[in-house]
Amino acid sequence: MQQLSNRLDWFTESIIRKMTRIANKYEAINLSQGFPDFDPPKELIENLQKVAVEGPHQYEITWGSKEFRKKLAEKQKKFMGIDINPEENIVVTCGSTEAMIVAMMSVCNPGDKVIVFSPFYENYTADAILAGAEPIYVPLIPPEFNYDKEALRRAFEQRPKALILCNPSNPVGKVFTKEELLYIGELANEYDTYVITDEVYEHIVFKPNKHTYLASLPGIFERTISCSSLSKTYSITGWRLGYVIANKDVIENCKKVHDFLTVGAAAPLQKAAIVGLDFEEEYYEELVNTYERKKKLFLDGLDQIGLKYFEPQGAYYVLVDISEFGEKDDYKFCEWLAKEIGVAAVPGSGFFREEVNNYIRLHFAKKDETLIEALNRLKKLKRK
Ligand code: GLN
């Protein structure tokens, strides 16, 4: 038989999705793949019922329904503070997962380099390779996970086509400051590099941190490709509604790639989600308060158990240090944790370029009772 594609030799299957399968196998509480176990806002569910009867049930415009793009442009304009033309600056995608790969394929040629901060969300390596590009990694240094300015400049000196910026970041919950973003923007302008952002946690930022949209900073919109989704903001990860916002020329390319990859995001779900895009400011305040409370509940619990972690500034993940357990293989540790303790986590090594295997990633996007039960189970860790 002919050999299958060797593109896939360069990355493994998703460890995050694999941990969900392991969680299901052992019936563990799934704090690995980041998604809520609580319902989306009732307005969305009620609207979905209405849409089920009234439609649409056929293809929408490939780059997103007119009404969805109009409402999305209005909402993002309010938060990002920039002018967004729904006809020229938006492509609606199947989640930000598609938005990211569309963005990468729209800007990269085979052999191009792409800067990725490490630790990073695992999709970025696969995205880069599928787009024919080569990732170059710049470490984010614990405990603050700041980048070293010189190391970043050296990466830019390799003339990358793009930099990928996850802000707030997965898996460490770092929220990049305006100064850090301005420096990234300065280098991007100096070295003529695109910046592809993944901002799916834009509305989950803990006080006193503030989310700054790179695209909103002076002189950087033209080279920023902002990707995000409705998944985390409205607790609808399964609806797969994401988008790319960028300048008209970039969007022309993104429309083409998106059209041939998926044709379009689900028409009924676009229609049903529009009510969310219409929510007032209070919804977003309430969302962040909810996560602020969950973060406190979960981290207080980890403190009581005596587990060490890095406190996130945003998103809903926490990297927990497992050095004290003496297991050198974090993957084995996670499998054991799911099977014997009944809690599923993601092995930290899946997020790092560096040889790091003393962390696991847990998330707290769960009902309070789920988090309390998970903490009760984790207590057993110290009773061994
Ligand atoms: N972003 C989520 C995570 O990091 C889920 C990603 C996914 O599986 N699509 O767990």
Side-chain angles (χ1 to χ4, degrees), residues 11-24 28-38 40 93-104 116-127 130 140 145 164-175 196-205 227-244 261-262 265-266 269 287 291 294-295 298 309-310 312-320 330-331 334 337-338 343-352 359-366 370-371 374:
F11 56 91
T12 61
E13 68 172 316
S14 157
I15 305 291
I16 298 176
R17 267 80 80 189
K18 183 168 182 173
M19 287 315 303
T20 282
R21 293 196 291 277
I22 290 177
N24 293 343
I29 297 176
N30 189 1
L31 304 189
S32 62
Q33 188 179 18
F35 63 88
D37 66 349
F38 44 87
T93 57
C94 301
S96 74
T97 298
E98 193 208 342
M100 293 296 291
I101 187 87
V102 160
M104 291 285 278
V116 177
F117 287 113
S118 168
F120 56 93
Y121 174 52
E122 57 175 10
N123 282 37
Y124 306 152
T125 306
D127 289 342
L130 288 171
L140 292 174
F145 293 99
I164 298 183
L165 177 76
C166 185
N167 182 32
S169 97
N170 178 4
V172 295
K174 176 184 171 59
V175 174
I196 301 172
T197 72
D198 177 353
E199 292 173 277
V200 297
Y201 305 99
E202 63 197 298
H203 294 295
I204 307 176
V205 174
C227 300
S228 191
S229 90
L230 279 64
S231 291
K232 280 35 186 205
T233 303
Y234 305 104
S235 307
I236 48 171
T237 62
W239 290 28
R240 315 308 302 127
L241 291 175
Y243 53 89
V244 183
L261 282 180
T262 62
L269 298 177
L287 180 80
Y291 277 113
K294 289 187 184 297
K295 182 185 102 172
F298 195 59
Y309 56 82
F310 297 106
Q313 300 170 324
Y316 48 51
Y317 304 101
V318 55
L319 268 195
V320 176
D330 57 353
Y331 181 79
C334 285
L337 193 73
V343 176
V346 184
S349 55
F351 302 103
F352 283 86
Y359 300 119
I360 60 170
R361 192 197 75 174
L362 294 166
H363 82 89
F364 48 86
K366 290 284 180 258
T370 312
L371 294 174

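Order of listing sets the numbers, starting from 1, for every ligand and every atom in it. Residue numbers start at 1 and run along the sequence shown. When reading the values below, keep in mind they use all heavy atoms of this one structure, side chains included, and skip hydrogens, waters and symmetry mates.
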Taking the six-membered ring for Trp and the full ring for Phe, Tyr or His, determine whether the centres of Y317 and Y201 are under 6.0 Å apart.
yes

Please confirm whether F120 and F117 have ring centers closer than 6.0 angstrom.
no

Could I get the full list of ring-ring contact (aromatic ring centres under 6.0 Å, His included) partners for F145, not counting sequence neighbours?
F310

Roughly how far, to the nearest 0.5 Å, is CD of E202 from NZ of K232?
12.0 Å

Rounded distance [0.5 Å steps], OG in S229 versus CD in E98
12.0 Å

Please tabulate, one line per pair, the protein nitrogen or oxygen atoms found under 3.5 angstrom from a nitrogen or oxygen of ligand 1, with distances to 0.1 Å, or say none if there are no such pairs.
unit_1, atom_1, unit_2, atom_2, d
ligand 1, 1 (N), Y201, OH, 3.3
ligand 1, 1 (N), K232, NZ, 3.2
ligand 1, 4 (O), N170, ND2, 2.8
ligand 1, 4 (O), Y317, OH, 3.3
ligand 1, 4 (O), R361, NH1, 2.9
ligand 1, 4 (O), R361, NH2, 3.4
ligand 1, 8 (O), R17, NH1, 2.9
ligand 1, 8 (O), Q33, NE2, 2.6
ligand 1, 10 (O), G34, N, 2.7
ligand 1, 10 (O), R361, NH2, 2.7

Do T20 and Q33 have a side chain donor and acceptor closer than 3.5 Å?
yes

